[in-house]
Amino acid sequence: MMLFASDLDKTLIFSKKSMGESLSDHELVPVEEKGGVFTSYMTRSALLQLASIAQVSSFVPVTTRTVSQYRRVFQFSKQMDVKYAITSNGGNVLVDGEPDQEWGERIRIAAQSSADREDIKKMYDEIASSEWALRGWLCDELFYTMIIDPEKAPFSVLDEFRQRLLVHGWALSIQGRKVYLVPAGITKGDALLYVKERIAASYIAASGDSLLDESLLRVADYAIAPRHGELYAFYGESSLHHQFTESSGIRASEELLERVHQELLKYNDQFIASR
C-alpha cells in the first residue's frame with residue numbers, strides 16, 4: 001500500500017492572491033467554497049494529476065485548518081475517495097469525515113506535555129502590539145491562529161518568541177498574515193504515522209510548504225516542497241529532508257504532483273519486481 005500525504009493551502013490549493021500569477025478561469029477549478037463564494041483553486045492539470053495519484057495510492061489531505069475549515073474544501077470528495085484526512089495540524093484524524101476517537105485521546109495526552117495554552121496566550125499578548133497584532137482565536141481547542149499585519153510585524157521579536165516557546169513545549173509558524181502557536185506534541189507527522197499504521201502502508205510520499213509541515217516531510221520516504229513559503233525561506237536549497245520544486249506559486253503544485261506520481265509508479269514497479 002502506498003500513501004500520498006499533502007498539505008493543502010499554498011501546496012495543492014491556492015487563493016487567487018496566493019497563486020503567484022494570474023491564470024484564466026479556463027485553467028482553474030474551484031475547490032473550496034465559503035458563503036457561496038469560491039475561495040481556493042487548483043489548476044486543471046494539477047487536479048487531474050492528483051486524481052491519477054489517488055488511483056495508485058491512498059491520498060491523505062493534511063492541513064492546519066480546523067475540521068470545519070477543511071470541510072469547505074469540496075472538490076476532493078467529488079473527484080476521489082478520501083477515507084482519511086488530517087486536520088488541526090495533526091490534532092484530528094478524520095475517518096470518513098469524522099474525528100477518530102482513539103487518536104483524539106492520544107492527542108489529549110500529548111498536549112499535557114506542553115505548557116497550558118492560556119499561559120502561552122498571555123505570553124503572546126505581552127509581546128503583541130495593536131499596531132501589528134490584529135486578532136486571533138483558539139482552534140479546535142488545540143492551538144492558536146493569530147492574524148498579523150506582515151508589513152508592520154517585528155519579525156525579530158517573533159523569532160525570539162519562537163525560541164521562548166520551545167522551552168514551554170510549543171512551536172510557532174509564520175505563514176503570511178497568520179501566526180500559528182501549536183503544542184509541540186501535536187504534529188502532522190505523528191498523525192501521518194498513525195494513519196500509515198492503520199492502513200499498513202509501506203511507502204509514503206509527502207509535500208508541504210511550511211515549518212509545520214516539516215514533521216510530515218521527515219517521516220516520508222519521498223518528500224518535496226514548493227519553491228515558496230516558510231520552508232523555502234528557512235532552508236533555501238540546504239534541506240537534507242526534502243527536495244524543492246523548480247517552479248513556485250500555483251505552478252509548483254503541478255510540478256510536485258507530477259514528481260510524486262513518478263516516484264509512486266517507480267516504487268510500485270520495484271515492489272512488483274521484487275516479488
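Sequence positions, counted from 1, serve as the residue numbers for this chain.
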Do you know the tightest heavy-atom contact between [X] and [Y]?
{"X": "Ala200", "Y": "Met1", "value": "O-CB, 3.8 Å"}
{"X": "Leu142", "Y": "Gly91", "value": "CD1-CA, 3.6 Å"}
{"X": "Asp7", "Y": "Gly208", "value": "CB-CA, 3.7 Å"}
{"X": "Ser207", "Y": "Ser6", "value": "OG-OG, 2.6 Å"}
{"X": "Ser247", "Y": "Ala252", "value": "O-CB, 3.4 Å"}
{"X": "Arg65", "Y": "Ser40", "value": "NH2-OG, 4.0 Å"}

Out of curiosity, [X] [atom1] to [Y] [atom2], how far, rounded to the nearest 0.5 Å?
{"X": "Asp116", "Y": "Ser114", "atom1": "CG", "atom2": "OG", "value": "10.5 Å"}
{"X": "Leu216", "Y": "Asn89", "atom1": "CG", "atom2": "CG", "value": "10.0 Å"}
{"X": "Leu165", "Y": "Glu160", "atom1": "CG", "atom2": "CD", "value": "12.0 Å"}
{"X": "Ile174", "Y": "Ile148", "atom1": "CD1", "atom2": "CD1", "value": "6.0 Å"}
{"X": "Met2", "Y": "Ile53", "atom1": "CE", "atom2": "CD1", "value": "10.0 Å"}

Start with the C-alpha distance between Met19 and Leu28, add both sets of side-chain angles, then the distance that settles side chain to side chain contact (heavy atoms under 4.5 Å, CB included), and finish with yes or no.
CA-CA 11 Å; Met19 290 180 186; Leu28 298 174; 3.6 Å; yes

In a check of side chain to side chain donor-acceptor pair (under 3.5 Å) between Thr39 and each of Glu33, Lys34, Glu32, which one passes?
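By the side chain to side chain donor-acceptor pair (under 3.5 Å) criterion, Thr39 pairs with just one of Glu33, Lys34, Glu32: Glu32.
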
Take Lys122 and Glu126 through the salt bridge (Lys or Arg N to Asp or Glu O under 4.0 Å) test and state the conclusion after the steps.
CA-CA 6 Å; Lys122 290 178 182 178; Glu126 289 173 359; over 6 Å; no

Taking the side chain as every heavy atom from C-beta outward, state whether [X] and [Y] have any pair of such atoms under 4.5 Å apart.
{"X": "Phe161", "Y": "Leu181", "result": "yes"}
{"X": "Pro226", "Y": "Tyr232", "result": "no"}
{"X": "Met123", "Y": "Trp170", "result": "no"}
{"X": "Phe4", "Y": "Ser58", "result": "no"}
{"X": "Glu151", "Y": "Trp132", "result": "no"}
{"X": "Arg135", "Y": "Trp137", "result": "yes"}
{"X": "His242", "Y": "Leu231", "result": "yes"}
{"X": "Arg117", "Y": "Lys121", "result": "no"}

Transitive ILVMFWY side-chain link [X] to [Y], under 4.5 Å:
{"X": "Val93", "Y": "Leu192", "result": "yes"}
{"X": "Leu166", "Y": "Phe234", "result": "no"}
{"X": "Leu48", "Y": "Val56", "result": "no"}
{"X": "Ile186", "Y": "Tyr70", "result": "no"}
{"X": "Leu212", "Y": "Tyr124", "result": "no"}

Do Ser45 and Thr43 pass the side chain to side chain donor-acceptor pair (under 3.5 Å) test, and can you show the C-alpha distance, the side-chain angles, and the key distance before you say yes or no?
CA-CA 5 Å; Ser45 174; Thr43 66; 4.9 Å; no

Apply side chain to side chain contact (heavy atoms under 4.5 Å, CB included) to residues Leu12 and Leu257 and explain how you reach the verdict.
CA-CA 9 Å; Leu12 292 188; Leu257 287 169; 3.8 Å; yes

Less than 6.0 angstrom separating the ring centers of Phe244 and Tyr235, yes or no?
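No, ring centres 6.0 Å or more apart.
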
Given the side-chain rings of Tyr203 and Tyr267, with only the six-membered ring counted for Trp, is the space between their centroids under 6.0 Å?
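When the ring centroids of Tyr203 and Tyr267 are compared, they turn out to be within the sub-6.0 Å range.
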
Indicate the ring-plane relationship of His228 and Phe14, choosing parallel, tilted or perpendicular according to the 30° and 60° boundaries.
perpendicular

Hey, are [Y] and [X] close enough side-chain-wise for a donor-acceptor pair under 3.5 Å?
{"X": "Asp209", "Y": "Thr11", "value": "yes"}
{"X": "Asp96", "Y": "Tyr84", "value": "no"}
{"X": "Ser253", "Y": "Glu255", "value": "no"}

Residues [X] and [Y] bridged, charged N to O under 4.0 Å:
{"X": "Glu131", "Y": "Lys152", "answer": "no"}
{"X": "Arg71", "Y": "Glu98", "answer": "yes"}
{"X": "Lys16", "Y": "Glu21", "answer": "no"}
{"X": "Glu214", "Y": "Lys188", "answer": "no"}
{"X": "Arg177", "Y": "Asp149", "answer": "no"}
{"X": "Glu263", "Y": "Arg259", "answer": "no"}
{"X": "Asp159", "Y": "Arg162", "answer": "yes"}

Walk me through it: do Asp100 and Tyr194 pass the test side chain to side chain contact (heavy atoms under 4.5 Å, CB included)?
CA-CA 11 Å; Asp100 181 79; Tyr194 176 75; 2.6 Å; yes

Verify side chain to side chain contact (heavy atoms under 4.5 Å, CB included) between Ile13 and Asp9, making sure each step is shown before the conclusion.
CA-CA 5 Å; Ile13 72 176; Asp9 294 281; 3.9 Å; yes

Please check this pair: side chain of Ser57 against backbone of Ala54, looking for a donor-acceptor N/O pair closer than 3.5 Å.
no

Under a 3.5 Å distance rule, please check whether Asp213 uses its side chain to pair with a backbone N or O of Ser210 as donor and acceptor.
yes

Which residue is it: Val67, Thr64, Thr63? I am looking for the one with a side chain to side chain contact (heavy atoms under 4.5 Å, CB included) to Ser88.
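Among Val67, Thr64, Thr63, the one that satisfies the side chain to side chain contact (heavy atoms under 4.5 Å, CB included) with Ser88 is Val67.
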
